[in-house]
Amino acid sequence: DRDTDKKRIEELLEENMVLEIAQKQSMNESAHLGWELEQLSKSTDLADSEKSFVFELNECASSRILKLEKDNQSLQNTIQELRDASLTSRESSLKFMELEKENQQLSKKIEKLQNQIEKEKQSNQDLETLSEELIKDKEQLQGIMETLKADKDRQVQ
């Protein structure tokens, strides 16, 4: 009986050491996961600030486009008025040509701004996708941390 008890005590001591090692590994993993979670949180905060910056850029570009479109419309109205008046003087033709050039320049600016807005919209969508992925990763890590904590608690008990 004593030999059996001694063997059983040795087995329990070995099992206890294995559990202590597993507990230390679990605690190290939990600390590492906590650090990764903190890094993800910082990344998410950065993504949120980038979103607001992109949104502000989109708003600014949109207002500039509206202003340029309004100017363009005004120039087109002036051109139409000159055409309607059928002014044949040299001044009117020069003014007409100047207005046409300005109208073309404004049209090019509008086109550039619209392309820029499309690029910014795509960038914004990419940032939103990245943010969603980061949030999913964060939730997965939290689940893993909870599982590891529960395992550790069970091992301690």
Side-chain angles (χ1 to χ4, degrees), residues 1-80 98-157:
D1 286 343
R2 285 184 186 177
D3 287 340
T4 306
D5 288 342
K6 281 183 184 180
K7 286 181 184 178
R8 182 68 181 141
I9 288 172
E10 287 176 12
E11 288 174 5
L12 289 174
L13 286 173
E14 284 180 30
E15 189 177 322
N16 191 22
M17 286 186 354
V18 169
L19 287 174
E20 285 178 5
I21 291 170
Q23 181 183 8
K24 286 179 184 177
Q25 287 176 343
S26 176
M27 291 174 76
N28 287 340
E29 288 176 13
S30 293
H32 182 71
L33 288 174
W35 177 82
E36 286 182 2
L37 187 60
E38 186 178 312
Q39 297 304 314
L40 282 175
S41 177
K42 288 179 184 177
S43 296
T44 303
D45 293 344
L46 180 62
D48 289 344
S49 65
E50 287 175 0
K51 279 185 188 177
S52 64
F53 177 71
V54 169
F55 179 75
E56 287 180 35
L57 283 177
N58 283 341
E59 289 295 316
C60 181
S62 295
S63 67
R64 287 183 62 196
I65 285 176
L66 288 174
K67 183 179 183 279
L68 289 173
E69 285 178 347
K70 185 178 178 182
D71 291 346
N72 189 16
Q73 187 63 39
S74 171
L75 288 172
Q76 285 178 345
N77 288 340
T78 305
I79 289 170
Q80 190 59 41
E98 287 175 357
L99 290 173
E100 279 288 344
K101 284 182 183 179
E102 194 173 334
N103 188 19
Q104 288 175 355
Q105 289 173 347
L106 287 172
S107 294
K108 288 178 184 178
K109 285 182 182 179
I110 288 172
E111 196 172 306
K112 285 180 184 178
L113 287 172
Q114 286 175 336
N115 288 337
Q116 183 180 359
I117 284 177
E118 287 302 317
K119 288 178 184 176
E120 289 174 356
K121 283 181 182 177
Q122 181 62 40
S123 173
N124 193 15
Q125 287 176 346
D126 293 344
L127 286 173
E128 286 177 8
T129 302
L130 177 62
S131 176
E132 290 172 4
E133 290 175 4
L134 287 174
I135 289 171
K136 286 178 184 176
D137 289 346
K138 179 182 173 183
E139 291 172 356
Q140 285 179 335
L141 286 174
Q142 285 176 336
I144 291 170
M145 282 180 53
E146 290 173 12
T147 303
L148 287 174
K149 187 176 180 180
D151 288 347
K152 180 188 75 148
D153 290 344
R154 274 186 264 136
Q155 289 175 356
V156 167
Q157 289 176 352

Set of side chain to side chain contact (heavy atoms under 4.5 Å, CB included) partners for Glu14, sequence neighbours left out: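 Not a single residue meets the side chain to side chain contact (heavy atoms under 4.5 Å, CB included) criterion with Glu14.
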Enumerate donor-acceptor pairs with a distance under 3.5 Å from any side-chain N or O in residues 134-154 to protein atoms, sequence neighbours excluded.
residue, atom, partner, partner atom, Å
Thr147, OG1, Gly143, O, 2.9
Asp151, OD1, Arg154, NH1, 3.4
Asp151, OD1, Arg154, NH2, 2.6

Hey, is CG on Asp5 packed in by over 12 heavy atoms from elsewhere, all under 6.0 Å? yes
Should we count CD of Glu69 as having more than 12 external heavy atoms under 6.0 Å? yes
For the atom pair [atom1] ([X]) and [atom2] ([Y]), what is the distance rounded to the nearest 0.5 Å?
X      : Y      : atom1 : atom2 : value
Thr129 : Gln125 : OG1   : CD    : 7.0 Å
Glu102 : Ser107 : CD    : OG    : 11.0 Å
Asn28  : Gln23  : CG    : CD    : 10.5 Å

Got a sec, which residues hit salt bridge (charged side-chain N to carboxylate O under 4.0 Å, His left out) with Lys67, two or more places apart in sequence or on another chain?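 Result, salt bridge (charged side-chain N to carboxylate O under 4.0 Å, His left out) vs Lys67: Asp71.
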Minimum side-chain heavy-atom gap [X]-[Y] below 4.5 Å:
X     : Y     : result
Glu36 : Gln39 : no
Glu11 : Arg8  : yes
Asn77 : Gln73 : yes

Derivation and outcome, side chain to side chain donor-acceptor pair (under 3.5 Å), residues Asn115 and Glu111: CA-CA 6 Å; Asn115 288 337; Glu111 196 172 306; 5.0 Å; no
Would a distance-only check, ignoring hydrogens and angles, find a side-chain to backbone donor-acceptor pair under 3.5 Å from Ser26 to Ala22?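 No, the answer is negative, given that no donor and acceptor are paired below the 3.5 Å cut-off.
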